[in-house]
Amino acid sequence: MLDVRNLSLHYGGSQILYDVDLTAAAGTVTCVMGTNGVGKTSLLKAISGSHPRSGGTLMLDGEDVGRASAHDLAKKGVGVVPQGRMIFPLLTVKENLETGFACLPRAERVIPDEIFDLFPILKDFLHRRGGDLSGGQQQQLAIARALILKPKLLLLDEPTEGIQPNIIQQIGRVIALLRDRGTMAIVLVEQYLDFAYDLADELVFMERGRITARHDKASISKDEAAQVFWIA
């Protein structure tokens, strides 16, 4: 579903990513790990089109997307759950969900019942403002909003950050369900090793803007992954 080759990215005169290669297949979770500041969020921004790449190619479902904008990539099936959630605090839950309609054909601009099956609390709070939700509820809303697009590729940037354990477990169950359907590739940026290891099919480690190691989960234990994480 996703094939990134030799991706580089700059912020002004500073190079942040160096010749990154990354693939993600439908029905799998590719987890990108690394400590703060190694370029994980920048990698997701480059893939989603929210920050222009300096070089490299990005193939989505076999198509070279060139320099497509974030809006165009969303229309092609790239859903993003950004770090910090970035919901609209003054809009209701319903209105936040409806912001995803902009990338859908008019006939498909409905909130599927499945959204409320995955996140029942959102149905109860449909007319509550986004800014009045707890952090965990906002994270559920951010994921639900991305799913409105019916993505082929879902990018999640640290979905466990600042979230209470019971919501983390629910989010993990949703990600596992989406993966097991086999129609969506998921790229998960995460620092919470237990959460990442449980969900991942492939673990990718970054250091200073480069991929330094990658392992199929079957080939590395959680303890070994922890060692690689802290070395990286």
Side-chain angles (χ1 to χ4, degrees), residues 2 24 29-33 36 40-51 70-71 73-104 108-179 181 184-192 195-196 199-200:
L2 174 71
V29 174
T30 301
C31 186
V32 180
M33 303 195 70
N36 286 331
K40 305 184 302 296
T41 293
S42 295
L43 176 58
L44 292 196
K45 287 182 176 180
I47 294 171
S48 67
S50 61
H51 189 90
H71 181 77
L73 287 172
K75 290 173 69 175
K76 292 178 183 293
V78 179
V80 183
V81 182
Q83 188 177 34
R85 300 179 279 275
M86 294 179 65
I87 57 100
F88 297 98
L90 299 181
L91 298 184
T92 65
V93 166
K94 182 174 184 287
E95 289 166 341
N96 268 278
L97 292 172
E98 288 173 345
T99 62
F101 289 174
C103 297
L104 293 175
E108 297 179 21
R109 293 180 181 181
V110 295
I111 301 172
D113 290 339
E114 181 197 31
I115 293 294
F116 304 121
D117 293 336
L118 296 173
F119 301 111
I121 194 68
L122 298 183
K123 188 171 185 178
D124 296 336
F125 291 168
L126 205 55
H127 301 292
R128 186 173 294 191
R129 291 192 307 182
D132 295 334
L133 303 183
S134 70
Q137 292 161 354
Q138 289 183 1
Q139 188 64 276
Q140 291 175 79
L141 175 56
I143 296 171
R145 179 180 59 189
L147 295 179
I148 291 286
L149 299 173
K150 303 174 184 177
K152 300 175 184 178
L153 171 66
L154 182 63
L155 309 175
L156 298 127
D157 195 350
E158 301 208 25
T160 67
E161 186 177 28
I163 305 300
Q164 57 268 44
N166 64 314
I167 302 297
I168 289 175
Q169 291 173 1
Q170 183 183 6
I171 289 171
R173 288 192 293 269
V174 169
I175 293 171
L177 174 65
L178 297 172
R179 174 198 62 202
R181 289 178 178 170
M184 181 189 302
I186 300 171
V187 177
L188 170 66
V189 160
E190 188 54 69
Q191 292 195 68
Y192 180 14
F195 182 82
L199 288 169

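By convention here, the first residue in the shown sequence is residue 1. These numbers were taken from a predicted model, which means no experiment stands behind them.
- We find the CG-CE distance between N96 and M86 to be 11.5 Å, quoted to the nearest 0.5 Å.
- The CD atom of E108 sits 10.5 Å away from atom CZ of F101, with the distance rounded to the nearest 0.5 Å.
- When atom types are taken as modelled, the side chain of E190 and the backbone of Y192 share a donor-acceptor pair closer than 3.5 angstrom.
- Side-chain contact between L154 and L147: present, with at least one pair of heavy atoms (C-beta onward) separated by less than 4.5 Å.
- Side-chain atoms of L141 and R85, non-hydrogen and from C-beta on, never get closer than 4.5 Å to each other.
- Here the CD1-CD distance, from I163 to Q137, works out to 10.0 Å after rounding to the nearest 0.5 Å.
- Only one option out of L199, V187, I186, V189 pairs with L156 in a side chain to side chain contact (heavy atoms under 4.5 Å, CB included); it is I186.
- Side-chain contact check for F119 versus V93: every heavy-atom pair is 4.5 Å or farther apart.
- In terms of modelled atom types and a separation under 3.5 Å, the side chain of R109 and the main chain of L104 share a donor-acceptor contact.
- Residues L2 and T30 are not in side-chain contact: their nearest non-hydrogen atoms beyond the backbone lie 4.5 Å or more apart.
- From L177, atom CG reaches atom CG of D117 across 10.0 Å, with rounding to the nearest 0.5 Å.
- Within the 4.5 Å cutoff, the side chain of T99 has heavy atoms near those of the L91 side chain.
- A 4.5 Å side-chain heavy-atom check between Q140 and I121 finds at least one atom pair inside the cut-off.
- With sequence neighbours left out, the side-chain contact (heavy atoms from CB on, under 4.5 Å) criterion links L149 to A74, C103, P151.
- Taking the side chain as every heavy atom from C-beta outward, F195 and C31 never approach each other to under 4.5 Å.
- Put simply, the residue from Q83, M33, E158 that forms a side chain to side chain contact (heavy atoms under 4.5 Å, CB included) with K40 is E158.
- Residue D132 holds its CG atom at 9.0 Å from CD of Q138, rounded to the nearest 0.5 Å.
- Note on residues 74-84: pairs passing salt bridge (Lys or Arg N to Asp or Glu O under 4.0 Å), not counting sequence neighbours, are E63-K76.
- In this structure, the side chain of Q170 engages the main chain of L118 through a donor-acceptor pair within 3.5 Å.
- When the shell of 6.0 Å around CG of D113 is examined, it contains 12 or fewer heavy atoms from other residues, nucleotides or ligands.
- Take E161 and apply the salt bridge (Lys or Arg N to Asp or Glu O under 4.0 Å) test, not counting sequence neighbours, and it matches no residue.
- Once rounded to the nearest 0.5 Å, the distance linking CG of L126 with CD1 of I115 reads 11.5 Å.
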